[in-house]
Every structure is written in structure tokens, then in C-alpha cells.
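Only one structure is covered here, and it is reproduced in the block below.
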2 protein chains.
Amino acid sequence: MPHQRLIKRLLTAGRLSESEQKALVGLPYAVRNLADGDIAVHQGERPSACTVLMSGFLSRQRVISERNQISAFYVPGDIPDLHCLHVPTIDHDLCSTGPSTIATVSHVVLRQVLRDFPGLTYALWGETVIQAAIYREWVENLGARAALPRVAHLLCELSTRMQKVGLAENGKMNLPFTQADFADACGLSVVHVNRTIQELRRRGLIDWQSQTLELLQRAELEFIGDFNEEYLH
Amino acid sequence: MPHQRLIKRLLTAGRLSESEQKALVGLPYAVRNLADGDIAVHQGERPSACTVLMSGFLSRQRVISERNQISAFYVPGDIPDLHCLHVPTIDHDLCSTGPSTIATVSHVVLRQVLRDFPGLTYALWGETVIQAAIYREWVENLGARAALPRVAHLLCELSTRMQKVGLAENGKMNLPFTQADFADACGLSVVHVNRTIQELRRRGLIDWQSQTLELLQRAELEFIGDFNEEYLH
DNA sequence: CGTTCGATTGACAATGATCAACCCTTGTGG
DNA sequence: CCACAAGGGTTGATCATTGTCAATCGAACG
């Protein structure tokens, strides 16, 4: 299997044996490059391979009530359609935000390796557990928080996830998302997201321009967004 | 392991072998009865056993921004803290709504059985996959839908899940939830949930009194709530 | 019979949506 | 090299969905 970042995470999380590690690393895969806006996997497809995000970002999206709702962002190392091992069809688009690179790993081959190395099954299950925890946080974010803490929380989450895969240092990272993307993810209008971000800037909490986001006051942002990174471990 | 309904679901979903089935059925467990409002598992606990809901309902809740946000409802056969096999602490309360019965299955014993029968690991992973799909729908529900379709969607989801475990027929079921519970789950105020439910009643779509809910016009409700049960399979 | 909880109603407030411009940067074709 | 188009960001004005507050009602229960 491809990505360094994924593998490193699985190794720590799942405490894999030597042979399991080798089996994982040795999995064959194909690489595909995507441009901004390209759809990696289409809603309704029945994929025969899993997608590992190697670089860039994907977002899981679907039109709900004439609104494009984003239900997840994926950072390098994530496997956005891992659940398709269990459920045949994927009911969302996986859309590249900015250019990205993905690797595809055949279900058939992957299933065989999982049969041979049960520790890997357990480790990948753990990945699903983390994704579920993220969804849970989003439910709470959308259900209970006002605009400002909601956006703050999402910023903290993205920063932490990027940091974990070595793509952010000191809260500074490259983010190709537009304010419209954030609106779709936060269930807010673009206009209101714009005003919210301005408020965060005005308070000196973030610097976000030309696709570079920097969290200037992490602690304060976490306080406002009621963010606790525990759930991402 | 205890519950008929869970086991039946796992059998169909996971295509378990004879020996795996036996191992599953043979798992030792302890039963506990809960009254309305009792907390089965407390936020911050580090459970040493998994909880299988045998009868009644649990809701996963946590206080966010001085609001009690419910992020999941559980029906009989569900294992609300299954993820604790992977993550040590649970960061929500699991609260009984109405009286309920739960079975607890020791992590140690369960882990051993999972090591011995990898097919079971895969099947339980599948349970996590379904729970994640439900969270995803909640994200979309909270992020994109107005009050009426939001409540309609939740009603459809509950009805379908109840039907799957044989606790609803023709969309009629026993539901101990209050309007306040629905408010906490839908991210709406109690007052507005009340008005929304009245609107559903006025349109002749539901009958809901003295803890009995009946979906009178399933198709119309699904249309309003933009509900498609695929994700629950 | 009083208390409590859940449901209901009305009046009013506010967060965030919508609509409509406008600006600025970037990219592209002539 | 310039003109123009397009996309993203920004702003102001207005609208409306939903929240808040407060009171009432009815049923269940001890």
C-alpha cells in the first residue's frame, strides 16, 4: 500500500507485526493525479478498489435540499472510501480540492491480504473508528455551535489532522479550500462564512490568504471552538 | 454474545462460518437494567466491556455550548461503545431513554474471540461502518435541511432501524423520546420541534401520542425528508 | 390534591440567509 | 502587452427561519 503517512499511523495505532507491515507495504497500487474539481469517485459508483489519498485534499459531498453539503474533508493518508469494502455503492462524490494524487488498491487484493493478516483488518477498522469520531464531532458542531465557534472548530480539526501527517508546522499549512467550501462544510452561507472569517482575523486568531492558513493563537481558537483533539488519536 | 437482533444482523452482513457463529453466541455477558434517564456509560470512562443494547433506547449525548447535543440514538441490537475496543475513553454519556436492558461483554474476552475468529472482526467492523454512515446522514441533516425535512428524516431513520430489528410494523412503534430529545438531536429548540411536529400531524403524515409513533404516509415523509434507506443496509 | 413533566401557544428577538453589487487577482486569447 | 472574463472575496440592505421568554394546560403520579 502506498502512503507513508497512512502506514506510519497504522503502525502506531495497530501495533502491527513484521509480516503484517510487509504485507501492507507490499500491496500493489495504481496512482492517479487529479486537478482541482475532479471527481475521484462518483456518487452511485460501485468501486472495485480503495482510494488512498497521497497528496492534496478530497471532500465528500452530496447535494441535499439544493445545497452542496460537504460531510468530510480528507487529508493525505486518509482512505475516504474504505467503507466500500463493506458496502457496495458509495453515495457521495469524492471531489478533489486543489490538485491531488490518489492511489487505488484493488478490493480483491486487499481482501486477500486482510484474510491473511487479521491484524491489518483490526488496524483498518481503527481507521473507520476515527472517521466515525470525526463525523460525530461534525454532528455536534453543526447541531450546537454558532457560526464563529463552528468555523473555529473546523480550523482546529484540519490543523491537527494536517499536523499529524506532517503537513503543518506551528499551525501553518497550505489549504486550497475556498470560503464556499467552508460554507458547504459548516452549513452556512458563503456570505456569513466570509464575515465569520473576518471576525477571526480581526481578533488576530488566524491569517488566511492565498491558500495559506496560519493559526496565530491556537489556544484561543481551541477555546472558542470548544476543541479537544483527543478524538483524533 | 447476547442479543438475537444483533446476531441475526451480523450473520447476514458478515457471512459468518459455523464456528464463528458459535463463538459469537457463546460469548459470556452480564445483564443490567436501566431506568429512564440512567447513564449506562459516563463521559470520560474507560470501559472494560462493550455494551449491547438488548431492549429500549440509548442516546449518545454531550453538552456543547451549554446545549445538550444528542449525536446518536441506539436501538436494540446496537453496540454504542464498540469503538472503545480501539479508543480507551468514551467522550459522551450513553443515556437510557425510557427503561432499557443492556448486556456487557468484556473487552478481554471479546478481543480473544476476535483474534480466534477473524471473520467476527470483519463483521463488527461492518457495524462501525454502518454507524459511520448514520453519522454522515446526521451531518447532512443538520447542515443542509430546514426544520421540517430534518425532523421527517430522523423519523424515517428511526422507523427503518426499528423495522430492521423487528420492533416496528407498518411504521408503528413504541418511542419513549420526548420532543426535547428530538430538539437535542436535531439542533432545534423544543418550541420549534413542537411546531414542526404539529405541522407533520396537520398534514396527516404522523400520529404520535403517549409514546407511540406511527408513520401514516411513509412515502410522503420520505419525500419531505429526502430519505433513502440504502445507507442502513 | 398538589406537584411535576411534557406539550402547547403567543409575542418578540436575533442569528444567519438571501440578494445584489462591486472589487481584486489571475488567467487567457487576441 | 492589453482587454476581458471568471472566480473568489467583500460589503450593504433586507428578509425569515428559528430561538428565547413566559405563560398555560393537561396528564400522570405520589
Side-chain angles (χ1 to χ4, degrees), chain A residues 35-38 57 59 64-70 95-99 141-154 174-202 206-213 224, chain B residues 35-38 57 59 64-70 95-99 141-152 154-155 174-202 206-213 224:
Chain A
D36 180 49
D38 283 359
F57 298 84
S59 41
I64 306 281
S65 305
E66 317 191 329
R67 232 187 125 276
N68 188 44
Q69 178 69 41
I70 291 178
C95 177
S96 182
T97 303
N141 209 26
L142 294 167
R145 295 202 184 93
L148 192 78
R150 196 183 298 182
V151 172
H153 191 276
L154 180 56
N174 191 276
L175 264 203
F177 295 115
T178 65
Q179 296 185 354
D181 293 325
F182 262 55
D184 289 347
C186 290
L188 297 167
S189 68
V190 188
V191 172
H192 204 67
V193 163
N194 178 274
R195 290 181 171 130
T196 306
I197 287 171
Q198 285 182 58
E199 174 66 16
L200 290 171
R201 279 202 273 252
R202 198 191 60 71
I206 65 170
D207 182 39
W208 189 0
Q209 43 186 303
S210 55
Q211 310 210 338
T212 303
L213 168 71
I224 290 178
Chain B
D36 181 47
D38 283 359
F57 298 84
S59 43
I64 305 280
S65 305
E66 317 191 329
R67 233 186 125 278
N68 187 44
Q69 177 69 42
I70 291 177
C95 177
S96 182
T97 302
N141 209 25
L142 294 168
R145 294 202 184 93
L148 192 77
R150 196 183 299 182
V151 172
L154 181 55
L155 289 171
N174 192 276
L175 263 203
F177 296 115
T178 65
Q179 294 185 357
D181 293 324
F182 261 56
D184 289 347
C186 290
L188 297 166
S189 68
V190 187
V191 172
H192 203 68
V193 163
N194 178 273
R195 290 182 170 130
T196 305
I197 288 171
Q198 286 181 58
E199 174 66 16
L200 290 172
R201 279 203 273 253
R202 198 191 59 73
I206 64 171
D207 182 38
W208 189 1
Q209 44 186 303
S210 53
Q211 310 210 338
T212 302
L213 168 70
I224 289 178

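Numbers restart at 1 for each chain; the letters A, B, ... are given by sequence-line order, proteins then strands. Just so you know, these numbers come straight off a predicted model, no measurement behind them. When reading the values below, keep in mind they use all heavy atoms of this one structure, side chains included, and skip hydrogens, waters and symmetry mates.
Distance CG/A/L200 to CG/A/D207: 12.0 Å, rounded to 0.5 Å. Taken to the nearest 0.5 Å, the CG atom of B/L142 stands 11.5 Å off from the CD1 atom of A/I64. Expressed to the nearest 0.5 Å, how far CG of B/L213 lies from CD1 of B/I197 amounts to 9.0 Å.
From one end of the helix from C/dC1-D/dG30 to C/dG30-D/dC1 to the other, with five pairs defining each end axis, the axis direction shifts by 30° (rounded to 10°).
Nearest heavy atoms, A/C95 versus A/G37: SG-O, 3.7 Å. When all heavy atoms of B/W208 and B/F182 are compared, the closest pair comes out as CH2-CE1, 3.7 Å. Contact record, B/G98 with B/D36: N-OD1, 2.7 Å, taken as the closest heavy-atom pair. Looking at every heavy atom in both residues, B/I70 comes nearest to B/S59 through CG2-CB, 4.0 Å. Minimum interatomic distance between B/L154 and B/C186 (heavy atoms only, all atoms of both residues): CD2-SG, 3.7 Å. The shortest heavy-atom contact between A/G187 and A/R67 is CA-NH2, 3.1 Å.
One atom, CD of B/E199, and another, P of D/dT18, lie 12 Å apart when rounded to the nearest Å. Taking atom CD of residue A/E66 and atom C1' of nucleotide C/dA17, one finds them 14 Å apart after rounding to whole Å. Rounded to whole Å, the distance from NE2 on B/H192 to C1' on C/dC12 is 15 Å. With rounding to whole Å, A/I197 atom CD1 is found 14 Å from C/dG16 atom P. Across the protein-nucleic acid pair, A/R145 atom CZ and D/dG19 atom P stand 17 Å apart, rounded to whole Å. A straight line from CD of B/Q209 to P of D/dG26 spans 16 Å, rounded to a whole angstrom. The distance between atom CG of B/L148 and atom P of D/dT18, rounded to the nearest whole Å, is 9 Å. Between the P atom of C/dG16 and the CZ atom of A/R67 lies a distance of 14 Å, rounded to the nearest Å.
Proximity of B/Q198 to the phosphate of C/dT9: a side-chain N or O atom is located under 4.0 Å from OP1 or OP2.
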Please tabulate the protein-to-nucleotide N/O contacts below 3.5 Å involving nucleotides 7-9 of chain D, giving atom names and distances.
from, atom 1, to, atom 2, distance (Å)
D/dG9, OP2, A/Q179, N, 2.9

What N/O pairs connect the protein and nucleotides 19-23 of chain C at under 3.5 Å? Give each pair on its own line.
none

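Scored by the salt bridge (Lys or Arg N to Asp or Glu O under 4.0 Å) test, A/R145 finds A/D226 as partners (sequence neighbours excluded).
The side-chain contact (heavy atoms from CB on, under 4.5 Å) test with A/L148 is passed by exactly one of A/R195, A/E199, A/H153: A/E199. Each of B/I206, B/T196, B/I224 was compared with B/V151 under the side-chain contact (heavy atoms from CB on, under 4.5 Å) criterion, and only B/T196 meets it.
Applying the side chain to side chain donor-acceptor pair (under 3.5 Å) rule to pairs touching residues 175-190 of chain A yields A/N68-A/D184, A/T178-A/D181, A/Q179-A/N194, sequence neighbours excluded.
Only A/G187, A/L188, listed by number, bring a heavy atom of residues 181-188 of chain A to less than 4.0 angstrom from any atom of DNA chain C.
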